[in-house]
Amino acid sequence: MSKVKTPAKTPQAIRGTQDIFGPDAEAFAFVVETFERVRKLYRFRRVEMPVFEKTEVFARSLGETTDVVSKEMYSFDDRGGESLTLRPEFTAGIARAFLTNGWKQHAPLKVATHGPLFRYERPQKGRYRQFHQLDAEVIGAGEPQADVELLAMADQLLHELSIADGVTLQLNTLGDGTSREAWRAALVEHFASVRDDLSEDSQERLEKNPLRILDSKDRRDQAHVASAPKIDDFLSGEAQDFFGAVTSGLDAAGVVWTRNDALVRGLDYYRHTAFEFVTDRLGAQGTVLGGGRYDGLMESLGGPATPAVGWAAGIERLAMLCEGRGAESLEIAIAAESNDRNADAAALTNLFRREGFCVELFASGSPRKRYDKARKAEPAIMISLDMRDGEATHGLSVLNEGYARAKKAQEIFDNRK
RNA sequence: GCGAUCGUAGCUCAGUUGGUUAGAGCGCCGGUUUGUGGUACCGGAGGUCGCGGGUUCAAACCCCGUCGAUCGCCCCA
């Protein structure tokens, strides 16, 4: 009919997802590649995990009342009516795999992975609904040396990313199960006695997650936080020894840290060591890597008591600190300044690539502008092929004096048939 | 989930107290210069002003809603 076709609207990307491209994508890849290299130095084995799990995997391990479980999970029923959830974190799924696959035979097991995670949150810079993390876990190791090795790896990663000087390691201990419960009870008592002075948020936290009051940013809470009972007064002898072994191990490894006795973890399964690498360069999303010991987690999934430590790091946040890193510079630009030389230029491009050079071919668009386009790509070496008065001409010029492989490139160019 | 700011070309942004056909720079495409040269000049394509309503003779501009981004809170890596 004469009815004008209704142009199909292009669907929008989902809120909180990102299409990463250009320098951001290069920085992202740089973070992942650096992690892969460092993780091998520490002999952490690579694992690949499903992106979704039965909902109970997360509900049981993270704690039903945590915000992550109660309002931030992407859960849905599959066609069989089973409740599944897009993973909001790595640890629970890895713990499940450890139990269901009998990985106990490999204990102590050091594993590393990375990939997308999903949380239904209000997006912000450095906070997305689909975001990406690096993850490292040591499962079946109850010794403080495991904590030290894991932290040393995190520290080395940040150094190799060249962002360590803007980031500080904050360290705390939550004690063993009984110390933690005693401390928690004392905190509840302390804050309940001044309940009406607390911020609304903290009054709510008093019910749901009293430890979290300690890192409240609200001024009204500060004084009461300062006078709150300290974990150190509730630590058992073993818990003290454990923390002491971790800190002296870090000192011996040359890992710089500061004690923050108000540092707690949001998830219920943590015990003993808790830590965060924090920067002030990312606004409210300052935690760049965080983790701790989760000795209670395996039991919550119905497995045997199994000690474990782990950390996760936000790739986007790390990548933002590595801005401009990771882009490979162009070694050779080849311009075909006449269409008659397109085939020669393509052959030459192939030749150099097979010799392991990073090459870009400029043989499209206006022949007169190809040279300029090639120059703008900022190659170390510029090669131009042209046709003058019926004669094939060619030229190679080294634009970057410091370029190490110039001689080899020249040889290949001179010896081409 | 709460509060605030913002949304104009591929990108960065102008656009007066509402007033003809919405602009610039960069980028892209083409042409001319130059002819071992990242030059200069000319031209071109590209916008339902995020989307939907409302007020008005008239809306990019004012009002409401909605979607999205950013910054805090919350949460967390």
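To find a chain, count down the sequence lines: A is the first, B the second, and so on, and within it residues start at 1.
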[N] OP1/OP2 closer than 4.0 Å to side-chain N/O of [X]:
| X | N | value |
| --- | --- | --- |
| T393(A) | rU36(B) | no |
| K373(A) | rC29(B) | yes |
| R119(A) | rC76(B) | no |
| K217(A) | rC73(B) | yes |
| R127(A) | rC76(B) | no |
| Q124(A) | rG72(B) | yes |

Can you tell me, in whole Å, how much space there is between the [atom1] of [N] and that of [M]?
| N | M | atom1 | answer |
| --- | --- | --- | --- |
| rG68(B) | rC75(B) | P | 23 Å |
| rG7(B) | rC51(B) | C1' | 11 Å |
| rG27(B) | rG19(B) | P | 32 Å |
| rC49(B) | rC61(B) | P | 9 Å |
| rC13(B) | rA58(B) | C1' | 27 Å |
| rG1(B) | rG54(B) | P | 28 Å |
| rU21(B) | rA40(B) | C1' | 32 Å |
| rU56(B) | rG72(B) | C1' | 38 Å |

- For the residue pair H114(A) and V31(A), establish whether any side-chain heavy-atom pair is separated by less than 4.5 Å. no
Round to the nearest Å and state the distance from [X] atom [atom1] to [N] atom [atom2].
| X | N | atom1 | atom2 | result |
| --- | --- | --- | --- | --- |
| L211(A) | rC75(B) | CG | C1' | 15 Å |
| L62(A) | rA77(B) | CG | C1' | 14 Å |
| I213(A) | rC74(B) | CD1 | C1' | 14 Å |
| R370(A) | rG31(B) | CZ | P | 10 Å |
| E276(A) | rA77(B) | CD | C1' | 9 Å |
| E204(A) | rG1(B) | CD | P | 15 Å |
| E72(A) | rA77(B) | CD | P | 10 Å |
| Q18(A) | rA77(B) | CD | C1' | 13 Å |

Counting the atoms with a prime plus P, OP1 and OP2 as sugar-phosphate, which does [X] contact under 4.0 Å by heavy atoms, base, sugar-phosphate, or nothing?
| X | value |
| --- | --- |
| F131(A) | base |
| D386(A) | base |
| E337(A) | base |
| G16(A) | sugar-phosphate |
| G395(A) | nothing |
| G291(A) | nothing |

Please check: side-chain N/O of [X] versus main-chain N/O of [Y], any donor-acceptor pairing under 3.5 Å?
| X | Y | answer |
| --- | --- | --- |
| R259(A) | N172(A) | no |
| W311(A) | L150(A) | yes |
| R39(A) | T34(A) | no |
| R271(A) | L174(A) | no |

- Have Q222(A) and D218(A) got a donor and an acceptor in their side chains that come within less than 3.5 Å?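 Distance-only check fails for Q222(A) and D218(A).
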- Task: Using distance alone, with no hydrogens and no angle criterion, decide if Q156(A) and E160(A) have a side-chain donor and acceptor under 3.5 Å apart.
- Result: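 E160(A) and Q156(A) do have a side-chain donor-acceptor pair below 3.5 Å.
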From the list [options], which nucleotide is the closest neighbour of the side chain of [X]?
| X | options | answer |
| --- | --- | --- |
| Y128(A) | rU70(B), rC76(B), rC74(B) | rU70(B) |
| R317(A) | rA77(B), rG38(B), rC74(B) | rA77(B) |
| R15(A) | rA69(B), rG30(B), rC74(B) | rA69(B) |
| Y371(A) | rC75(B), rG37(B), rG30(B) | rG37(B) |

- Quick one: do D201(A) and R212(A) satisfy salt bridge (charged side-chain N to carboxylate O under 4.0 Å, His left out)? Show the steps, please. CA-CA 10 Å; D201(A) 283 331; R212(A) 281 264 136 189; over 6 Å; no
Checking [X] against [Y]: charged group under 6.0 Å from the ring centre and within 45 degrees of the axis?
| X | Y | value |
| --- | --- | --- |
| R96(A) | F98(A) | no |
| R129(A) | Y120(A) | yes |
| R265(A) | Y270(A) | yes |
| R405(A) | F357(A) | yes |

What N/O pairs connect the protein and nucleotides 32-34 of chain B at under 3.5 Å? Give each pair on its own line.
| from | atom 1 | to | atom 2 | distance (Å) |
| --- | --- | --- | --- | --- |
| rU34(B) | O4 | R368(A) | NH1 | 2.4 |

- Message: Between I14(A) and H132(A), which residue's closest nucleotide on RNA chain B lies nearer the 5′ terminus?
- Response: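 Of the two residues, I14(A) wins.
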- For T287(A) and Y120(A), take the nucleotide of RNA chain B holding the closest heavy atom to each; which residue's nucleotide lies nearer the 5' end?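 Of the two residues, Y120(A) wins.
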- Can you find an N or O donor on one side and an acceptor on the other, under 3.5 Å apart, linking the side chain of R122(A) with the base of rC75(B)?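 Flag unset: no donor-acceptor pair detected.
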- Represent RNA chain B in dot-bracket notation, 5' to 3'. Only Watson-Crick or G-U wobble pairs with both distances under 3.5 Å count; pseudoknot-style crossings use [ ] and interstrand partners use |. (((((((..((((.....[...)))).(((((.......))))).....(((((..]....))))))))))))....
- Query: Where do V138(A) and F44(A) land on the side chain to side chain contact (heavy atoms under 4.5 Å, CB included) test, with the steps shown first?
  - Reply: CA-CA 9 Å; V138(A) 183; F44(A) 275 61; 3.7 Å; yes
